[in-house]
Amino acid sequence: MTKERLYLYDTTLRDGQQTQGVQFSTTEKVQIATALDGLGVDYIEGGWPGANPTDSGFFDAAPRTRATMTAFGMTKRAGRSAENDDVLAAVLNAGTAAVCLVGKSHDYHVTHALGITLEENLDNIRASIAHLVAQGREALFDAEHFFDGYKDNPDYALAACRAALEAGARWVVLCDTNGGTLPGDVGRIVAEVIAAGLPGDHLGIHTHNDTENAVACSLAAVDAGARQIQGTLNGLGERCGNANLTTLIPTLLLKHPYADQFDIGVSHEGLSTLTALSRMLDEILNRVPTKQAAYVGASAFAHKAGLHASAILKDPSTYEHIDPSLVGNARIIPMSNQAGQSNLRRRLSEAGLSVESGDPALARILERIKTREAEGYSYDTAQASFEILAREELGQLPSFFEVKRYKVTVERRKNKYDRMVSLSEAVVVVKVDGQKLLSVSESLDETGSDRGPVNALAKALTKDLGQYSKALDDMRLVDFKVRITQGGTEAVTRVIIDSEDGAGRRWSTVGVSANIIDASFEALLDAIRWKLLRDTVAGDVGV
């Protein structure tokens with residue numbers, strides 16, 4: 001059966017940048033656009049040229065892409081021609097093959113927000129789209145507030161769409177701008193629009209996630225006949241975000257009936273890069289990836305319960321809806337006090353440790369995990385610390401170095417500008433290859449800002465570890481979480497540290513103590529040992 005073409009339009013660089021706290025640099029936008037093109041989307045919306053220096057700079061530096069690069073703007077203003085509208089001119093000057101213009105399709109917004117007549121707004125849409133087409137550009141029209149407008153005045157909402165289509169628009173995109181329309185209404189309205197004469201292969205859908213239904217609304221529009229989907233990576237976007245392409249793309253490519261009916265242009269090879277792309281975006285934004293994100297989250301294929309893990313060992317499809325490798329993700333069998341030997345053996349196997357069923361070491365490891373979790377440890381997320389613990393119990397943890405002592409001081413003092421500043425200093429003494437080494441580091445970064453005592457400890461510990469120092473050059477701490485697990489005088493502090501290296505590996509370690517610095521140091525030690533273990537396996541470090 002011949003598949004229909006369904007087009008993917010990414011607006012991460014424009015609508016995604018409207019997320020609170022998100023501001024891409026030009027270099028970052030180029031990096032993201034290049035990655036999106038490698039994924040296989042059909043359109044990349046680069047921003048609004050002329051609206052800010054970053055967007056304008058991006059179009060000057062935009063990479064050559066297979067995907068159609070698209071500039072975003074708005075329809076011309078009333079009282080002037082399209083040829084003399086400076087905002088429209090700036091969008092055209094970006095030189096992109098396609099241009100998407102947003103215009104009003106809700107009568108209330110026309111008369112109250114724009115303050116013009118309904119007919120003037122239709123004239124603005126026609127003239128603007130016709131001008132784009134005359135300049136040889138592929139024209140798209142974002143019908144802003146379409147679904148709310150259709151509910152209030154369907155004839156006018158349709159008239160706005162027809163004006164764009166008749167003027168030569170390749171796509172008319174129906175926008176749920178406020179994000180309040182539910183999937184049933186989206187599907188019904190899109191079907192009615194097509195029945196009214198607007199062809200589905202010229203209709204797109206643009207949804208927001210204010211009711212946590214953006215993906216469902218997009219799929220409802222496709223079911224009704226729309227053939228373009230707009231969305232963002234990781235669901236970035238204003239307020240609650242846009243339709244999440246990291247959820248939509250694998251659903252369309254892997255799930256019935258979409259996989260049987262549509263060609264979306266993303267190959268299975270491209271799909272396998274999806275998790276890495278999602279995490280690259282979080283890294284650029286300095287955000288911790290959402291563990292529970294569908295398909296690409298670290299917990300998307302995690303199996304904590306012993307009953308689940310036992311079934312997974314026999315047949316992964318018992319508790320997994322897809323093979324995680326299809327989206328570049330991996331199965332995780334977390335270790336916790338709910339774990340049984342099935343979980344344990346599976347996790348040990350993934351760490352490269354083969355232990356036969358019935359080996360007494362399994363019971364010892366389980367008992368140690370359960371005892372330590374009663375003390376406040378958590379191995380549910382700290383997979384690297386679990387491996388360190390297991391190797392210790394199995395006698396398979398190399399003695400890379402020994403910490404003889406450490407000390408951290410925190411000083412509060414006035415600087416030369418008579419301002420109070422903090423400064424942390426750490427001293428660490430380790431024994432490596434029979435030799436004692438002392439390292440001292442401060443917590444100041446290259447800008448002179450204090451990064452805190454844990455940073456000072458990390459720098460001091462990795463400063464001189466003899467033959468192992470080089471292996472730690474590309475390691476860095478990317479997240480630090482603290483939780484008090486008990487209250488009152490018996491309070492215990494749990495610290496989780498997330499680390500990353502140049503190979504793209506990311507791992508979590510845990511430390512527990514009544515003292516936050518001591519808990520942090522324990523988690524840091526595990527992080528370094530796990531990194532050295534991995535590089536030992538790769539043959540980069542001697543033992």
Side-chain angles (χ1 to χ4, degrees), residues 9 11 13-15 17-18 43 45-60 62 68-150 152-153 155-175 177-178 198 202-204 206 230 238:
Y9 184 106
T11 181
L13 302 181
R14 199 274 304 175
D15 221 344
Q17 191 167 249
Q18 293 179 196
Y43 294 84
E45 189 173 72
W48 189 327
N52 59 71
T54 301
D55 281 10
S56 298
F58 168 73
F59 288 106
D60 290 336
T68 302
M69 189 62 67
T70 309
F72 181 86
M74 64 181 183
T75 55
K76 78 172 188 69
R77 288 164 289 181
R80 64 184 65 191
S81 67
E83 292 77 8
N84 292 318
D85 188 281
D86 54 339
V87 176
L88 197 54
V91 176
L92 282 166
N93 287 340
T96 56
V99 174
C100 181
L101 299 182
V102 62
K104 304 294 186 185
S105 60
H106 189 174
D107 58 354
Y108 178 83
H109 284 265
V110 174
T111 56
H112 288 72
L114 294 181
I116 60 176
T117 68
L118 298 182
E119 189 55 42
E120 282 180 304
N121 181 59
L122 297 180
D123 287 341
N124 290 343
I125 295 170
R126 292 189 196 96
S128 300
I129 296 297
H131 183 54
L132 297 183
V133 174
Q135 299 298 313
R137 310 300 172 87
E138 180 179 341
L140 297 90
F141 176 65
D142 271 7
E144 190 182 28
H145 296 286
F146 176 81
F147 290 95
D148 292 331
Y150 186 90
D152 287 349
N153 187 342
D155 290 339
Y156 188 76
L158 286 170
C161 294
R162 285 197 185 96
L165 196 61
E166 291 168 0
R170 168 64 183 90
W171 293 103
V172 172
V173 183
L174 309 180
C175 302
T177 308
N178 288 350
L198 279 73
H202 281 65
L203 288 180
H206 179 111
Q230 296 197 353
E238 196 168 21

**OP:** Give the intermediate values and the outcome of side chain to side chain contact (heavy atoms under 4.5 Å, CB included) for residues L92 and H131.
**Re:** CA-CA 10 Å; L92 282 166; H131 183 54; 3.4 Å; yes

Original post:
Which residues satisfy the side-chain hydrogen bond (donor to acceptor under 3.5 Å, both in side chains) test with E144, sequence neighbours excluded?
Top reply: K104

Distance-only donor-acceptor pairs under 3.5 Å for side chains of residues 158-174, two or more places apart:
from	atom 1	to	atom 2	distance (Å)
R162	NH2	A196	O	3.0
R170	NH1	D201	O	2.9
W171	NE1	Y43	OH	3.0

**OP:** Taking S81 for its side chain and N84 for its backbone only, find out whether a donor-acceptor pair lies under 3.5 Å.
**Re:** yes

Subject >> Inter-residue atom distance T70.OG1 - R137.CZ, 0.5 Å rounding >> reply: 11.0 Å

Original post:
Just one of D152, N178, T111 clears the side-chain hydrogen bond (donor to acceptor under 3.5 Å, both in side chains) bar with H106, so which one?
Top reply: D152

Original post:
For G50 and A90, which heavy atoms make the closest approach, and how far apart are they?
Top reply: CA-CB, 4.4 Å

Original post:
Under a 4.5 Å cut-off applied to non-hydrogen side-chain atoms, are F59 and V91 in contact?
Top reply: no

Original post:
Are D15 and H206 close enough, and set up right, to give a side chain to side chain contact (heavy atoms under 4.5 Å, CB included), and what steps lead you there?
Top reply: CA-CA 11 Å; D15 221 344; H206 179 111; 3.0 Å; yes

Original post:
Minimum heavy-atom separation for A98 to T68, with atom names?
Top reply: CB-CG2, 3.6 Å

**OP:** Return yes if a side-chain donor-acceptor contact under 3.5 Å exists between H109 and D148, otherwise no.
**Re:** no

Subject >> Closest non-hydrogen atom pair between G46 and D55, with its separation >> reply: O-OD1, 4.3 Å

Original post:
Does some side-chain heavy atom of N124 sit less than 4.5 Å from a side-chain heavy atom of L114?
Top reply: no

Original post:
Do you know which two heavy atoms are closest between L88 and M74, and how far apart they sit?
Top reply: CD1-O, 3.9 Å

**OP:** Evaluate side chain to side chain contact (heavy atoms under 4.5 Å, CB included) for M69 paired with F58, printing each intermediate quantity in order.
**Re:** CA-CA 11 Å; M69 189 62 67; F58 168 73; 3.9 Å; yes

Original post:
Rounded to the nearest 0.5 Å, how far does CG of L122 lie from OG1 of T75?
Top reply: 10.5 Å

Original post:
Do you know which two heavy atoms are closest between A139 and V133, and how far apart they sit?
Top reply: CB-CG2, 4.1 Å

**OP:** Give, for atom CZ of F141 and atom CD1 of I129, the distance between the pair rounded to the nearest 0.5 Å.
**Re:** 7.0 Å

Subject >> L140/F72 under side chain to side chain contact (heavy atoms under 4.5 Å, CB included): CA gap, chis, key distance, verdict >> reply: CA-CA 9 Å; L140 297 90; F72 181 86; over 6 Å; no

Original post:
Between the main-chain N or O of Y9 and the side-chain N or O of T11, is there a donor-acceptor pair closer than 3.5 Å?
Top reply: no

Subject >> Test salt bridge (Lys or Arg N to Asp or Glu O under 4.0 Å) applied to E83 and K76, step by step >> reply: CA-CA 9 Å; E83 292 77 8; K76 78 172 188 69; over 6 Å; no

Original post:
What pair of heavy atoms forms the shortest contact from D85 to R80, and how long is it?
Top reply: OD2-CD, 3.4 Å

Original post:
What distance do Q18 atom CD and W48 atom CH2 have between them, rounded to the nearest 0.5 Å?
Top reply: 9.0 Å

**OP:** Applying salt bridge (charged side-chain N to carboxylate O under 4.0 Å, His left out), name anything that partners D107, two or more places apart in sequence or on another chain.
**Re:** none

